[in-house]
Amino acid sequence: MRVMAQMGMVMNLDKCIGCHTCSVTCKQAWTNRAGMEYVWFNNVETRPGQGYPRRYEDQDRWYGGWTLNRRGKLALKAGGRVKKLFGIFASPVQPELKDYYEPWTYDYKTLVDAPLGDDFPVARPKSLITGEDTKITWSANWDDDLGGSTEHGHLDPIVEKIRRESEDKIKFAYEQTFMFYLPRICEHCLNPSCMASCPSGAIYKRVEDGIVLVDQDRCRGWRQCVTGCPYKKIYFNHKTGKAEKCTFCYPRVEVGLPTVCSETCVGRLRYLGLFLYDADAVTAAASVTDPQDLYDAQMDVLLDPHDPRVQAEARAQGIPDDWLDAARRSPVYALAKVYKVALPLHPEYRTMPMVWYVPPLSPVVDLLRDQGHDGEDAGNLFGAIDALRIPVEYLAELFTAGDTGRVTAVLRKLAAMRSFMRGISMGEDPDESIPESVGMDGQGMYDMYRLMAIAKYSERYVIPTAHLEQAHDLEEPGLLFGFRRRTGHAGLGTVRRGERQTRPGGRGHVPRPAGPAELGHHCRGDKPAREGEPAELGRPRRPAGTFPGQGPGAGHPGRCRGPAVNRPAMNRRDQVVYLAAAWCLSYPDGQLVGRVPLVRAALSEFPGALAGFAPVLDLLEGTPPMELQAQYVREFDLGRRHALHLSYWTDGDTRRRGEVLGLFKEAYRHSGVLVDLDGELPDYLPMVLEFAARVDGEAGQELLQRYRASLEMLRLGLLRDNLPHARILAAVCATLPGKSPQDEQEVMRMAGYGPPTESVGLDPYDPRLLPVRRS
Amino acid sequence: MPALGAALETEPGAAVVLNTWDTVLWGVLPYVMAVVLVGGLVWRYRYDQFGWTTRSSQLYESRLLRIASPLFHFGLLAVIAGHFFGLVIPMAWTAAVGMSQEFYHFNALLVGGIAGVGTLGGIVLLIYRRRTTGPVFMATTKNDKTMYVVLTAAIVFGLWTTLASVFEGEHGHNYRETVAPWFRSLFIFQPDIAAMAAAPFSFHLHTLVGMALFTIWPFTRLVHAFTAPLHYLFRPYIVYRSRDRETKGRGWSAVGTPDRDTRNR
């Protein structure tokens, strides 16, 4: 067994609205260069549709990917080494520009330069290849939203295939009922056929993270990779004469940032994380005879990161501990192998693709609703999935080499999740029979719901950073601020005082973990924990994907932790209150619940302090975890009545918010520590409280006082809904100077403002647009 | 130049008085060419890996290229093989295995003629395609144009020497007694200038143009020939490589590179 790590992506197609933001931002980041005008490393296709380049899935024409030869061995579909060398002088099946499209721009200049005339000047389209006038006849998404599908919908190779097999069954009802978007990037395959096709050996797979790249220095422009890739995701730069491809934004991923397409995805449908796989088993897995068995074979190649044997082997192969930790928390592993709802694109190409898709369920739900049924009732949904044979067949051609059973199983899981969660949000008791009917349990289904529906930033993207000792030339900023993750040391905080100064030259310096002893003295109550379980000293964090079988170590480390030297004298009681409040207002994962006794003990050392917290602590201890988590998500994540973000109350979702959030960050930075926002906004109340308790009491208290009105509004909102957390807010407010107001009007008067409104752009006209008056 | 040839109508190998021109052309120039070729290739391999490519234009046009390019390249491979046979293998060897001069000559003319015509046909088609297909012509640099002139000239003059010997038949010039010994003598650094000087003008011309072609070779797109991917036959299909490996040079063309490069045309 040779364990290797692979960065992977999952896209939840149910959430894709086809806005092309991923494509545009990717283009701006990577392919806005000469020679790459026609290239989209990321493109979004409407299915059914021909795709980009046109009909790329028709491998009888393009000969991409692998096939089994007569002896049953894996061979390149376009031919072996000798055949390739003989065909090297003119690549036999390379797509031409017209198969992609001729890129163009517009002659915008005439709009302003045209002489005065009778007609409006027109910006004519100009070819970006020749510079001449051109006629636009096709583009990367010409058939967007089924545009023109009555003309060329039948040209979709999959439609063609399904029709060949059952002419009567499909007809045109097909187009009427079904459409979805398919965003595509390079699959970063485990068994890449582009790499195998490259005569120069310029394409390689990175040992560390499995990202497939083209060495621009070694590529000689033989173009065989373009033919070799069945997804047509390698492009020939016609200016430099080199092949280029999606890089999985490796410069970002190396510092823990998600790819540009993921970061900018409006629907938040992309997930990034690690797979562990057995590199020695790949070829055998890709060689199974029946294409419909390829999915299972691919599953078997992926290793269970919780398996101690796998971990030991991985360590022996030099995979660092923080990567193993990330692999355990990996959302893509969870979706692909644990919940088994993500499927690979075209497994029959035998490339073992590592970008996975959750097939779309929404069309089914919408159809049911349109027909007057209850679209989210489990019985109706299950029935409808079976009845809608055609879309399932189409999806099966895309994701399972035609195995409809597999797709149906995934869709049933998604449908079950909808019904199950609807029951919970309607206040009914969880109906365990629903998850059971798809082979899951309630907690598992809830966890899947949280990962797929709530989809927190830090849970969607679990990206271990490249190691300093390996990557000498990483940009320093990415390491200094914002996205520091644990490196396997239980006590390593993400807020470090003075790290900037202690980093020698910023290179290769591994920060010293903050030991428990340094942390322990902040809070007398945590003494028992200091001896027993040092890892528990930091504050709990939300799990980055609470998968079944995942240990308590899965949570990420504390946000604000570290040796807090030269902290101004601060009331110890206030400190304990802040920390306890921070914890009690955080997502109630197992780790947090385990700390309740500690919190209780610490608070009881101060007369009267415990009273305000007791109801919440009781709640934490006395409620089943799933119910607790569902309640937290309902009250604090989904609704706005008790938003935990301080500046939400003052600035709402207006343009001012960005600046205000910047001020929070500045306050953190000013205190000389690094704050791992971990996908949260910097004004998240638990973060501010923790900052005040652990890092800089004065600055923290100042922030709290500045947003006193928000605290009071939050308190009143919680009070109104009879939530016990209101008393915690009261306890926090009691540490601040001044008396708490009685009602919202009083808060408004106190703060001197009304509810937040947007004022930008609402003026009937901007005075700057008025004609200049000549004086 | 014709005067030069005429002045040297002597027996090959006999002691002749060589003028300075002969010494420069056949004694000095070949070594200058070799130094530029090897030095240029080393320099370019070290400093311009990113520019080392076929610069294929198949993306723009494929129909003509699919015929013309293999025709040209396979023809050229045959031509190179013919040159090897004619220049490197001494006449004595072929005679020793019982190959008559007539048989050798006939074969050389037939195979060489076909290969030469194929290569010439290929390059003519390629140049036609380059000139008439808009995007391909736009992607043609000054460097390319110079290279095409020299390359075509080398092929044309080479074909001329071959065809000339067809028409001259038995009385034609036997280059295996002049050019070939000179070529072999170059490698032992004792150039047989007299032998080469004795060859007719057409061979002189072809050799000179050929040397010009090799001189500019490292600086044109022709370099791709020196990285012909024969190692593909032996390497594993899947290539793993560590992130650590350093790369030199630019690697990417900078953002803001002009869309249509008009400087080098």
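Naming: A, B, ... by sequence-line order, numbering from 1 per chain.
In this structure, F86(A) places its CZ atom where only 12 or fewer heavy-atom neighbours from other residues, nucleotides or ligands lie under 6.0 Å away. Around atom OH of Y45(B), no more than 12 heavy atoms belonging to other residues, nucleotides or ligands sit under 6.0 Å away. R131(B) CZ: 12 or fewer foreign heavy atoms inside a 6.0 Å radius. Counting heavy-atom neighbours within 6.0 Å of F203(B) CZ, excluding the residue itself, gives a total above 12.
Counting heavy atoms from C-beta outward, D215(A) and R241(B) have side chains that approach closer than 4.5 Å. Side-chain contact between S200(A) and T227(B) is absent, with no heavy atoms from C-beta onward closer than 4.5 Å. Using a 4.5 Å heavy-atom cutoff, the side chains of R223(A) and L59(B) are not in contact. A heavy-atom distance below 4.5 Å is found between the side chains of S242(B) and E208(A). Side-chain atoms of W222(A) and T53(B), non-hydrogen and from C-beta on, never get closer than 4.5 Å to each other.
Proximity to chain B involves both the backbone and the side chain of S91(A), based on heavy atoms less than 4.5 angstrom apart. If you measure heavy-atom distances from Y38(A) to chain B, the contacts under 4.5 Å come from the side chain alone. Only the backbone of I203(A) comes within contact range of chain B, with heavy atoms under 4.5 Å apart. Contact annotation for L77(B): only side-chain heavy atoms (C-beta onward) come within less than 4.5 Å of a heavy atom of chain A. Interface residue N191(A): backbone and side-chain heavy atoms are both found under 4.5 Å from chain B. With a threshold of 4.5 angstrom between heavy atoms, K98(A) does not approach chain B through any atom at all. For a residue to count as touching a neighbouring chain, one of its non-hydrogen atoms must lie under 4.5 Å from one of that chain's; by this rule R206(A) touches chain B with backbone and side chain alike. Neither the backbone nor the side chain of V282(A) comes within less than 4.5 Å of any heavy atom of chain B. In this structure, chain A has a heavy atom under 4.5 Å from the backbone of A228(B), while its side chain stays farther away. For a residue to count as touching a neighbouring chain, one of its non-hydrogen atoms must lie under 4.5 Å from one of that chain's; by this rule L85(A) touches chain B with the side chain only.
To the nearest 0.5 angstrom, Q49(B) atom CD is 11.0 Å from C219(A) atom SG. The line from OH of Y237(B) to CG of L76(A) is 4.0 Å long, rounded to the nearest 0.5 Å. Taking NZ of K242(A) as the start and CZ of F50(B) as the end, the distance is 6.5 Å to the nearest 0.5 Å.
In this structure a side-chain-to-backbone donor-acceptor pair under 3.5 Å is present from R81(A) to R235(B). With H238(A) contributing its side chain and Y60(B) its backbone, the two residues share no donor-acceptor pair below 3.5 Å. Between the side chain of R220(A) and the main chain of W52(B), a donor-acceptor pair closer than 3.5 Å is present.
Chain A forms the most heavy-atom pairs under 4.5 Å with one residue out of E61(B), Q58(B), H231(B), and that residue is Q58(B). Ranked by heavy-atom pairs shorter than 4.5 Å toward chain B, the options E132(A), M4(A), E102(A) are led by M4(A). Your options are T283(A), L97(A), I88(A), and the one with the most heavy-atom pairs under 4.5 Å with chain B is L97(A).
Between G221(A) and T54(B), the closest heavy-atom pair is O-OG1, 2.8 Å. Of all the heavy atoms in E96(A) and S62(B), the pair that sits closest is OE2-CB, 2.9 Å. Shown here for A90(A) and L65(B), the closest heavy-atom pair between the two residues is CB-O, 3.9 Å. The shortest non-hydrogen separation linking F236(A) to S56(B) is CE2-O, 3.3 Å. In this structure, A279(A) and Y240(B) approach most closely via the heavy-atom pair CB-OH, 3.9 Å.
For F74(B) and F89(A), the gap between ring centers is short of 6.0 Å.
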Legend entry - Test log, rule side chain to side chain contact (heavy atoms under 4.5 Å, CB included), inputs T130(A) and M138(B): CA-CA 7 Å; T130(A) 62; M138(B) 299 201 64; 3.9 Å; yes

